[in-house]
Amino acid sequence: MADAQYQVKGTVYDSSRLYPLEAVTVLSSSGKGAITDINGTYHIDVSEKDSIWFSYLGKPTMKYAVLSMTDPLHFDVSLRINITVLKGVTVSPRNYRLDSIQNRIDYAKVFNYEKPKLKPTMGGGAGGVGVGFDLDEIIQMFQFRKNKNMQRFQERLIREEQDKFVDHRFSRQLVRRLTNLINEKLDSFMAIYRPSYQFTLLTSDYEFQSYIKKCYEQFKTFEAKKEKSF
């Protein structure tokens with residue numbers, strides 16, 4: 001008989017239980033994983049025989065058996081981590097989604113540009129209904145330089161939008177939090193392991209952060225070999 005399936009949900013806080021922690025890894029003994037979001041919340045599918053534990057900055061907690069949880073749908077934990085808060089200072093980070101929407105609005109004509117094509121039109125003349133072509137479309141087809149420039153501009157805007165999306169997910173803040181790298185080594189890591197737009201778009205938060213952690217292990221090995229060679 002298959003084990004009963006459950007979902008464990010909750011919020012991960014710092015030691016004061018006042019501040020939620022983002023990017024905490026949640027793992028189960030059956031091999032499933034999740035990542036806390038910006039509000040510190042998580043949810044993970046488990047079986048009744050599972051245990052789960054939490055890992056932040058490479059430091060795992062004790063394991064919690066699913067059957068011992070009083071309320072698996074509100075399983076909040078606090079980690080032994082202190083969050084430094086600067087009183088009186090408000091930081092307003094740029095909102096990638098709002099910036100992207102605004103960019104689409106500002107350059108709507110370019111983003112919506114389509115290469116001119118001959119489109120048949122239906123019209124009625126002295127001889128009845130006939131098929132013709134739109135004169136404006138014919139004129140636009142022969143504006144080669146204008147069309148080419150518009151197409152290049154559209155391609156450039158799309159590339160920039162994709163680069164900004166990768167920057168948004170593969171941020172210095174996230175990489176620093178997961179690897180503890182700083183300064184030149186952080187710059188080097190981000191240049192070497194910058195993911196493609198397609199990978200960044202299609203992976204879940206858990207898969208994406210697992211990718212960063214695996215790359216970091218590879219990076220450490222590479223750095224150790226480099227230091228030995230000097």
Side-chain angles (χ1 to χ4, degrees), residues 9-12 19-27 32-45 54-58 83 86 89-116 146-223:
K9 299 180 180 179
T11 304
V12 180
Y19 303 105
L21 294 174
E22 183 185 5
V24 176
T25 303
V26 188
L27 297 167
K32 293 184 179 178
I35 298 284
T36 58
D37 61 18
I38 193 170
N39 298 311
T41 59
Y42 72 92
H43 59 87
I44 184 171
D45 295 320
F54 304 83
S55 179
Y56 189 69
L57 299 178
I83 301 297
L86 299 177
V89 177
T90 302
V91 179
S92 299
R94 292 184 65 86
N95 188 308
Y96 162 76
R97 289 179 180 83
L98 291 181
D99 284 351
S100 182
I101 291 169
Q102 188 60 51
N103 200 49
R104 284 270 172 173
I105 293 171
D106 292 342
Y107 294 100
K109 184 178 179 180
V110 182
F111 277 112
N112 297 330
Y113 168 76
E114 291 184 10
K115 192 174 180 180
K146 180 181 176 182
N147 294 338
K148 199 71 175 175
N149 288 341
M150 183 68 84
Q151 203 168 352
R152 285 174 180 168
F153 191 24
Q154 184 189 61
E155 289 168 357
R156 194 185 85 190
L157 286 178
I158 291 172
R159 280 198 306 272
E160 288 177 356
E161 187 176 65
Q162 291 177 350
D163 285 341
K164 286 177 182 176
F165 178 71
V166 175
D167 291 340
H168 167 68
R169 289 201 74 188
F170 192 64
S171 66
R172 291 177 66 84
Q173 181 183 14
L174 174 64
V175 173
R176 188 166 55 237
R177 183 187 301 140
L178 295 177
T179 65
N180 281 328
L181 292 171
I182 57 172
N183 302 330
E184 293 85 0
K185 287 191 176 182
L186 177 60
D187 294 337
S188 179
F189 178 89
M190 296 195 70
I192 295 170
Y193 297 103
R194 181 179 175 84
S196 68
Y197 168 73
Q198 206 67 19
F199 176 82
T200 307
L201 180 66
L202 297 176
T203 50
S204 67
D205 286 342
Y206 178 72
E207 291 167 336
F208 193 74
Q209 293 189 27
S210 294
Y211 162 78
I212 294 173
K213 290 175 182 178
K214 287 176 182 176
C215 289
Y216 176 55
E217 294 302 317
Q218 190 179 80
F219 183 75
K220 283 195 299 184
T221 303
F222 172 74
E223 286 294 305

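Note that the numbering runs from 1 along the sequence shown for the chain. On a predicted model such as this, the values are computed, not experimentally measured, just so you know.
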Roughly how far, to the nearest 0.5 Å, is [atom2] of [Y] from [atom1] of [X]?
X      : Y     : atom1 : atom2 : answer
Lys9   : Ile44 : NZ    : CD1   : 13.5 Å
Gln209 : Thr25 : CD    : OG1   : 6.0 Å
Ile35  : Tyr42 : CD1   : OH    : 13.0 Å

Just grab all the side chain to side chain donor-acceptor pair (under 3.5 Å) pairs involving residues 190-207, residues at least two apart or on different chains. Asp167-Arg194, Arg169-Asp205, Tyr193-Gln218, Ser204-Glu207
Show me the pairs that pass side chain to side chain donor-acceptor pair (under 3.5 Å) and involve residues 173-187, at least two apart or across chains. Arg172-Asp187
Say whether, by atom type as modelled, one donor and one acceptor occur between the side chain of Thr36 and the main chain of Ala23 under 3.5 angstrom. yes
Is the shortest side-chain N to carboxylate O distance from Glu160 to Lys164 below 4.0 Å? no
Within a radius of less than 6.0 Å around CG of Leu202, do more than 12 heavy atoms belonging to other residues, nucleotides or ligands occur? yes
Would you indicate whether Phe199, at its atom CZ, is surrounded by more than 12 heavy atoms from other residues, nucleotides or ligands within a distance under 6.0 Å? yes
Identify, with sequence neighbours excluded, every residue that meets salt bridge (charged side-chain N to carboxylate O under 4.0 Å, His left out) alongside Arg159. none
Quick one, Pro20 and Thr41 - any side-chain contact, counting heavy atoms below 4.5 Å? no
Indicate yes or no: at least one non-hydrogen side-chain atom of Phe170 is less than 4.5 angstrom from one of Ile212. yes
Those residues at least two apart in sequence (or on a different chain) that pass ring-ring contact (aromatic ring centres under 6.0 Å, His included) with Phe219 are Phe189
Taking only residues two or more places apart in sequence or in another chain, which ones pass side-chain hydrogen bond (donor to acceptor under 3.5 Å, both in side chains) with Asp45? Gln7
Residues in side-chain hydrogen bond (donor to acceptor under 3.5 Å, both in side chains) contact with Lys214, at least two apart in sequence or another chain: none
Closest heavy-atom contact between Gly33 and Leu27? CA-CD2, 4.1 Å
After noting the C-alpha distance and the side-chain angles of Met190 and Leu186, does the key distance pass the side-chain contact (heavy atoms from CB on, under 4.5 Å) rule? CA-CA 6 Å; Met190 296 195 70; Leu186 177 60; 4.1 Å; yes
